[in-house]
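Below is one structure, written out as structure tokens; the observations come after it.
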Amino acid sequence: MPVKFKIIAVITVFCIFFNSDLSAETASQSTEYYREGVELFKKKDYLSAEKKFAEAVKYSPYYSLGYYGLGRVYLLDGKKIKDAIKNLRKSVELDRDLARGYFYLGLAEFFSGKNIEAIHSFSSAFEKDRKLVESLYNIGVIYDELGNSYKAFSYYRKYINDLKGSERPF
């Protein structure tokens, strides 16, 4: 093997190891910021939680939970529903299995009058996690608002049937 290719191979291997360590460190830092944000969110310190979630995204722009956290904070502020939708949508784009991301995206879309989008988000949430039976109820509410009482009744019935099947008290 010519010397040129050996040097390129060594540099490539070095870059892969260096970048993987950097990526792991970045992901770890993002996770730590996210965890701190969750603790602050639980304590209802939403401004500080928002800052921690923003730091998580800053360190790792592909960290879905950072966007999820930001979306949850913005959802609480009625004036930031568009920001909630943007961040929650980004969270589910990055992690297609983030059921709670779809659920809260559905809420944000519903609050902003995007009923059809909300139905799709709630449907995705329930499809990803059958424990999110509240999604079915919310779909029923939307169909009620749209004037489709048959579909509303259908989703309310699905909600009750799935709720009975779960361990939740009725």
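These numbers come from a predicted model, not from an experiment.
- With rounding to the nearest 0.5 Å, the separation of CG in L88 from CZ in R100 is 13.0 Å.
- The minimum heavy-atom distance linking K128 with R96 is given by the pair CE-O, 2.9 Å.
- Of the possible polar contacts, one joining the S135 side chain to the L132 backbone as a donor-acceptor pair under 3.5 Å is found.
- Of all heavy-atom pairs spanning G66 and A56, the tightest one is CA-CB, 4.3 Å.
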Could you please spell out the steps behind the side chain to side chain contact (heavy atoms under 4.5 Å, CB included) verdict for L65 and F53?
CA-CA 8 Å; L65 292 178; F53 295 138; over 6 Å; no

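- Of the inter-residue distances, the one linking K58 atom NZ with S30 atom OG reads 11.0 Å to the nearest 0.5 angstrom.
- Residues N138 and F110 fail the side-chain proximity criterion, which asks for heavy atoms closer than 4.5 Å.
- Atom CD of Q29 is separated from atom CD of E55 by 8.5 Å, given to the nearest 0.5 angstrom.
- By the criterion of side-chain heavy atoms lying less than 4.5 angstrom apart, applied directly or through intervening Ile, Leu, Val, Met, Phe, Trp or Tyr residues, L136 is grouped together with I116 in one hydrophobic cluster.
- Grouping the Ile, Leu, Val, Met, Phe, Trp and Tyr side chains by contacts below 4.5 angstrom, directly or via other members, places L76 with V73.
- D162 is listed as a side-chain neighbour of F126, based on a closest heavy-atom distance under 4.5 Å.
- Note on I119: it clusters hydrophobically with L105, by side-chain heavy-atom contacts below 4.5 Å among ILVMFWY residues.
- Contact check for Y63 versus T31: side-chain heavy atoms found under the 4.5 Å cut-off.
- Checked by atom type and distance alone, the side chain of S60 never pairs as donor or acceptor with a backbone atom of V57 at under 3.5 Å.
- Once rounded to the nearest 0.5 Å, the distance linking OG of S91 with CG of L98 reads 5.0 Å.
- Side chains of R72 and Y68: a donor-acceptor N/O pair is present below 3.5 angstrom, by distance only.
- S154 contributes atom OG, which lies 15.0 Å from atom OH of Y159 (distance to the nearest 0.5 angstrom).
- Between F122 and Y102, a ring centre-to-centre spacing not shorter than 6.0 Å is recorded.
- For the residue pair A108 and I81, the shortest heavy atom distance occurs at O-CG2, 3.5 Å.
- One hydrophobic cluster holds both V92 and F111 under the rule that ILVMFWY side chains link at heavy-atom gaps under 4.5 Å.
- With a 4.5 Å cut-off on side-chain heavy atoms, Y137 and I160 do not count as touching.
- When hydrophobic clusters are built by joining Ile, Leu, Val, Met, Phe, Trp and Tyr residues whose side-chain heavy atoms come closer than 4.5 Å, directly or via intermediates, L75 is not grouped with L40.
- Here the rule is ring pair (Phe, Tyr, Trp, His ring centres under 6.0 Å) with F41, and of Y46, Y74, Y34 only Y46 fits it.
- Ion pair E39/K42 flagged as a salt bridge, since at least one NZ, NE, NH1 or NH2 atom sits closer than 4.0 Å to an Asp/Glu carboxylate oxygen.
- Not one N or O on the side chain of S121 forms a donor-acceptor pair closer than 3.5 Å with the backbone of A118.
- Closest non-hydrogen pair, P61 versus L94, comes out as O-CD1, 4.0 Å.
- Distance check, rounded to the nearest 0.5 Å: NE2 of H120 to NZ of K114 gives 13.5 Å.
- The shortest distance between side-chain heavy atoms of D144 and Y156 falls below 4.5 Å.
- The shortest non-hydrogen separation linking E36 to K52 is OE1-NZ, 2.7 Å.
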